[in-house]
Amino acid sequence: MSKTIQITFNPDGTTEIKTSGFRGDSCMAAAQFFKKALGSVLRTKKNPEYLQAEAVETAKMRGSE
């Protein structure tokens, strides 16, 4: 799956940044530049892809102990 960052400028002046194709925290790191450039963050919503990848990585860490 390719990695994409979609930026939407809404009529009310707010901006949305959506990422896809990233695993775990890598989406937050990829969007960081845009968050800083566009202003303050009102909220962050993690999609199922983020949460699923995080659970898989946690399981791998436990298995390696």
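Expressed to the nearest 0.5 Å, how far NZ of K45 lies from CD of E16 amounts to 9.5 Å.
I7 and T15 make their closest contact through CG2-CG2, 3.6 Å (heavy atoms, listed as atom of the first residue, atom of the second, distance).
Checked by atom type and distance alone, the side chain of D12 pairs as donor or acceptor with a backbone atom of T14 at under 3.5 Å.
By the criterion of side-chain heavy atoms lying less than 4.5 angstrom apart, applied directly or through intervening Ile, Leu, Val, Met, Phe, Trp or Tyr residues, L38 is not grouped with L42; the two fall into different hydrophobic clusters.
Looking at heavy atoms from C-beta onward, T44 lies in side-chain contact with M28 at the 4.5 angstrom threshold. Taking 4.5 Å as the limit, every side-chain heavy atom of I17 sits out of range of all side-chain heavy atoms of Q6. Side-chain contact between I5 and F22 is present, with heavy atoms from C-beta onward closer than 4.5 Å.
Annotation for K35: atom NZ counts as buried by contact number, over 12 foreign heavy atoms lying within 6.0 Å. More than 12 non-hydrogen atoms from other residues, nucleotides or ligands lie less than 6.0 angstrom from CZ of F9.
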